[in-house]
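One structure is given below, encoded as structure tokens.
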Protein chains: 2
Amino acid sequence: MRATVKDVARRAGVSPKTVSNVMNGVVPVSAPTRLRVEQAMAELDYVPNLSARGLRNGRSGVIALALPDLATPYSAEVAHHIVEVAHEQGWIVQIEETGSDPVREQELMTRARSNLIDGLILNPVVLDESAVKVGVALPPVVLLGEVTQQLADRVFVNSLTAARDMTLALAKPGRRRIAVLGTTQGRGSAAAIQRTQGYEAALDILGIPRDESLLIPCEKWTPETAAKALDAYLDQHPVPEALFCFTDSMAIGALSVLWKRGLRIPEDIAVAGFDDIADGRYAVPSLTTVSFDKRTIASEALRLLTERMGDRAHGQRVVSVDYSIVERGSSKA
Amino acid sequence: MRATVKDVARRAGVSPKTVSNVMNGVVPVSAPTRLRVEQAMAELDYVPNLSARGLRNGRSGVIALALPDLATPYSAEVAHHIVEVAHEQGWIVQIEETGSDPVREQELMTRARSNLIDGLILNPVVLDESAVKVGVALPPVVLLGEVTQQLADRVFVNSLTAARDMTLALAKPGRRRIAVLGTTQGRGSAAAIQRTQGYEAALDILGIPRDESLLIPCEKWTPETAAKALDAYLDQHPVPEALFCFTDSMAIGALSVLWKRGLRIPEDIAVAGFDDIADGRYAVPSLTTVSFDKRTIASEALRLLTERMGDRAHGQRVVSVDYSIVERGSSKA
DNA sequence: TTGAAAGCGTTACCAT
DNA sequence: ATGGTAACGCTTTCAA
């Protein structure tokens, strides 16, 4: 049977409260008493029962991290940093996968407060503001990425200006037929909309007329779907001078298609991505991308979350994380 | 204030026990009563307090998943499948990162039983049997991968025969100078040892004399370290006919180095990996690899874990998962 | 089929 | 500085 505070107290010849005081270290405890208690804990191999502690305190020390799909490199990197930062701060992290399902995303926001978690970091894809009922008591939530809603705190990279800057960079050596891969039909993800707008903003700046036939739709942002979409596109259209993929993952799928078709990169077509995932650096050729510090995203998300836990009533906080255009072999003239 | 069973009971005009019965659905409840209770729960937006439930039941419904580094594609894919399968079975998953630290690995095995978790799935790297004290009450644990120990249940892919078979496949078109990337000096990971032995077993079968200079050491199995190790190696040695990397991640790093050096793959040098991660399929050229079903690993690990929770005394169970050699562009003659 | 009461392990309040 | 007592929300005897 597992040892409890009572067992420890009995062995140390003190009361349970004193054991608790030793553990939590807020109330002062005399040195000899503390020593006796610590020894008793070690002897009994005492491990506190977190369920009991959570019940009593109303806080569990657990936060939930909800991502579309843990297997995608971008999500995996974000998850890694959040778990690492959270652990440094003493949090336990629980993983949820949404599968990009809006229903699941909302469910997590509204029903997550099962008191096993103190807060939620959610990377939504298609979270719709209208669906989140105002007035329902939300748990402390921080949203990751581009979302058009005003209800929760948020950490994001400005997709619009980043896409604009990347398009400008691709155009610099005089390229004018710049295609984008990853646009969505109808109501797509906020990120898709923002990145498309940024691309169009750049065209306007450059005085390049918009050309619908350079928008390559791709609903799911995976290498598979990107490869398929690009392959089908190239069957019907001439090769553009540059291809801006809305994620690095898509760019990796695109590179494999271009290579199979015997196109030289960047001579025949320049390629760029977005996210700066580790594999992009080792792509062939290495991938030009929009880079940003994922650890900053993690630490800012955790900062906002803990602040929110402390003050549920405070107004919405939004943090924008810096990005930079990193030009590598896939676009270098 | 959050609604509790008492509130629901009062509103439905029943006792807390009846509310509990409705939720857990074991004890039969009359249809009208059940309806009233369910309505009351909906009206009060009732969410059960899992800390209280966990305290009372002695089980939390949470399992921990401990991996070296969530950001590596292999770990990410495994985590994805485990989370998915676990959720299907009603488990909540908590993430731990070990950073390949043996101390952390052991700590998790022995001290993880804080009653917030019912079991642990651990992917160790250098777990040493001798360090895990026999007799200490372990929580239910399932180990993932190659480990030389007899204490816990385990799911693994036979690295030795897989590495042997891959080496044989690489040698088939008459290649004889086959190098491996990822060997470790001194006491390395069990996987490194097994894969090296498999490689050597193949050489013996083929009648190719072992050549120390074809073992390229690489302690950390990342694209970065692999690229660096291979680059340094090629500065000093002639180009081998084939390169068997001990993971796909390392192979991706290797491909980028070979490409930078202007070597043609597979004409000048064939390349293979291990793990069949998604990005390998979209590498240039697509990567030959040892493939296995990660969902099977996940479901078997969960099966063993739940069985172990039910019967702590049972002897060690070990499950070997099938693999296959998948030949893609990086080695096709 | 349903109700009353006890208790899981912890910490906070109020004494001493 | 330390001890006694009550309470967190749930489920499980035991009774009715």
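A note on names: the letters A, B, ... follow the listed sequences, proteins ahead of strands, and every chain is numbered from 1. Any value given below was found using the heavy atoms of this structure, including those in side chains, with hydrogens, waters and symmetry copies removed. Being a predicted model, the structure only gives us computed values, none of them experimental.
Taking every heavy atom of residues 10-19 of chain A and every atom of DNA chain C, pairs under 4.0 Å involve K17(A), by number.
Judged by distance alone, with hydrogens and angles left aside, the side-chain atoms of R36(B) form a donor-acceptor pair with the main-chain N or O of A12(B) at under 3.5 Å. E146(A) places a side-chain N or O within donor-acceptor distance of the main-chain N or O of S159(A), the cut-off being under 3.5 Å. With hydrogens and angles disregarded, a donor-acceptor distance shorter than 3.5 Å links the side chain of D118(A) to the backbone of S60(A). Formation of a donor-acceptor pair under 3.5 Å by the R308(A) side chain with backbone atoms of H314(A) is found in this model. Put simply, the side chain of S299(B) gets close to the backbone of R295(B): a donor and an acceptor are under 3.5 Å apart. Side-chain N or O atoms of Q316(A) include one that pairs as donor or acceptor with a backbone N or O of A152(A) at under 3.5 Å. At distances below 3.5 Å, at least one donor-acceptor pair connects side-chain atoms of K294(B) with backbone N or O atoms of D275(B).
Residue L55(B) has its side chain nearest to dG9(D) when only dT11(C), dG9(D), dA1(D) are considered.
The nearest whole Å value for the distance from the CG atom in N57(A) to the C1' atom in dG9(D) is 14 Å. dC8(D) atom C1' lies 13 Å from atom CG of N49(A), rounded to whole Å. Taking atom CZ on R53(A) and atom P on dC10(D), their separation rounds to 21 Å, with Å as the unit. Atom CG in L116(B) sits roughly 13 Å away from atom P in dT10(C) (whole-Å rounding). Across the protein-nucleic acid pair, D7(B) atom CG and dG9(D) atom P stand 9 Å apart, rounded to whole Å.
The overall bend of the helix from dT1(C)-dA16(D) to dT16(C)-dA1(D), read as the angle between its terminal helix axes built from five base pairs each, is 30° when rounded to 10 degrees.
Remark: the R56(A) side chain and the dA12(C) base include no donor-acceptor N/O pair separated by less than 3.5 Å.
In this structure, S51(B) reaches neither bases nor backbone, as no heavy-atom distance under 4.0 Å exists between it and the strands shown.
More than 12 heavy atoms of other residues, nucleotides or ligands shown are found within 6.0 angstrom of CG on D101(A).
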